[in-house]
Number of protein chains: 2
Amino acid sequence: MTIYHPSQQQGAAVFQAIPLNNRKKLSSSEVIKFGRNPNICQYTFQDKQVSRVQFSLQLFKELDSSVLSFEIKNLSKRTSLLVDNRELGYLNKVDLPYRCMVRFGDYQFLLEKQDGESLEFFETQFFLSPRSLVQEVNWPVPEFSRLSSCSTQSTSPIEIDENEF
Amino acid sequence: MTIYHPSQQQGAAVFQAIPLNNRKKLSSSEVIKFGRNPNICQYTFQDKQVSRVQFSLQLFKELDSSVLSFEIKNLSKRTSLLVDNRELGYLNKVDLPYRCMVRFGDYQFLLEKQDGESLEFFETQFFLSPRSLVQEVNWPVPEFSRLSSCSTQSTSPIEIDENEF
């Protein structure tokens, strides 16, 4: 999972509690929760704008197949979760493809699944991205736009995001 | 949820830890687990043949709809879960219809969903059935068979079940 938040550039510690780079082994039956409350969530964001539980990820095995996949569920009552371009409200869930972008507020997560051998365990691994993932993955910036963004380099980029807190 | 196990007729206490008849309020974000281990499961069966966690139930909201539904996932490595006539292996999951039969081993559960108003909570309610639910719901017994079953009343019924422990 490659993660990004614009405040990390200004030294904010929203991802301070996320263990970076090292793999972590988890039981296949475990539901992993992401959010603000460390008593409920395995992975927490140091940010008062994040819900106590923001979303959950859980492994499942596809019917009549040996493929393991992840299901994501939005557990935040006030913030939508964008999975690629699909908007999930509170308690909406969706099965994830091999590679997808998950977003809420200014948070960006590029989720990439690697197949493995075990049914009993899976591993997580987090990388911090120095740049916004949304521009890189979804919206390649055309040449004239790049020039224009150079000329306004010193100002903050304007984010068009319907899911602001 | 109407529950049945053949050993309850002989006074076995497999459902002793299941609170009968009274409704119980639970948070919509909670994953409810059924199995043998009381440290992990909200609802336990007093039976060594049951897995530590047998299956889980969780609420979700259907996309582009206000309907809340349940998803069931088999968390037992050794026993299949039958949902109506669909067989779920370990980590297989399926969304439940309004009314369905869930079975594993000799355990039978008739799950019936009632719509409500709240997004934050849902309620569970358990009833004990004195008779097998499978015969009642799926296989109405024809007249000649009922006569024949009267003549062998004193012997145990023979269960045809591919999912014996």
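Side chains are part of it too, since the values below use all heavy atoms of this structure and drop only hydrogens, waters and symmetry mates. So you know, we letter chains A, B, ... as the sequences are listed, proteins then strands, and number each from 1.
- Residue contact with chain A, scored on non-hydrogen atoms closer than 4.5 Å, involves the side chain of B/Leu75 exclusively.
- In the hydrophobic clustering of this structure, B/Ile72 does not group with B/Val67; members are Ile, Leu, Val, Met, Phe, Trp, Tyr whose side-chain heavy atoms approach within less than 4.5 Å, directly or through other members.
- Cluster annotation: A/Val31 is not connected to A/Met1 through the hydrophobic network of ILVMFWY side chains, with a link wherever side-chain heavy atoms come within less than 4.5 Å.
- By the criterion of side-chain heavy atoms lying less than 4.5 angstrom apart, applied directly or through intervening Ile, Leu, Val, Met, Phe, Trp or Tyr residues, A/Ile18 is grouped together with A/Leu57 in one hydrophobic cluster.
- Closest approach of B/Leu91 to A/Leu68, counting heavy atoms only: CD1-CD2, 3.8 Å.
- Criterion: ILVMFWY side-chain heavy atoms under 4.5 Å apart, direct or through other members. Under it, B/Leu96 and B/Leu88 are part of a common hydrophobic cluster.
- Hydrophobic cluster membership is shared by B/Ile3 and B/Leu81, with clusters built from Ile, Leu, Val, Met, Phe, Trp and Tyr side chains linked at under 4.5 angstrom.
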Can you pull out the donor-acceptor contacts between chain B and chain A, under 3.5 Å, including backbone atoms?
residue: B/Gln58; atom: OE1; partner: A/Gln58; partner atom: NE2; Å: 3.1
residue: B/Gln58; atom: OE1; partner: A/Lys73; partner atom: NZ; Å: 2.9
residue: B/Gln58; atom: NE2; partner: A/Gln58; partner atom: OE1; Å: 3.1
residue: B/Leu59; atom: O; partner: A/Lys73; partner atom: NZ; Å: 2.6
residue: B/Lys61; atom: N; partner: A/Leu91; partner atom: O; Å: 2.7
residue: B/Lys61; atom: O; partner: A/Asn92; partner atom: ND2; Å: 2.7
residue: B/Glu62; atom: O; partner: A/Asn92; partner atom: ND2; Å: 3.4
residue: B/Glu71; atom: OE1; partner: A/Lys93; partner atom: NZ; Å: 2.6
residue: B/Lys73; atom: NZ; partner: A/Gln58; partner atom: OE1; Å: 3.0
residue: B/Lys73; atom: NZ; partner: A/Leu59; partner atom: O; Å: 2.5
residue: B/Lys77; atom: NZ; partner: A/Glu120; partner atom: OE1; Å: 3.3
residue: B/Leu91; atom: O; partner: A/Lys61; partner atom: N; Å: 2.7
residue: B/Asn92; atom: ND2; partner: A/Lys61; partner atom: O; Å: 2.7
residue: B/Asn92; atom: ND2; partner: A/Glu62; partner atom: O; Å: 3.4
residue: B/Lys93; atom: NZ; partner: A/Glu71; partner atom: OE1; Å: 2.6
residue: B/Lys93; atom: NZ; partner: A/Asp95; partner atom: OD1; Å: 2.7
residue: B/Asp95; atom: OD1; partner: A/Lys93; partner atom: NZ; Å: 2.7
residue: B/Glu120; atom: OE1; partner: A/Lys77; partner atom: NZ; Å: 3.2

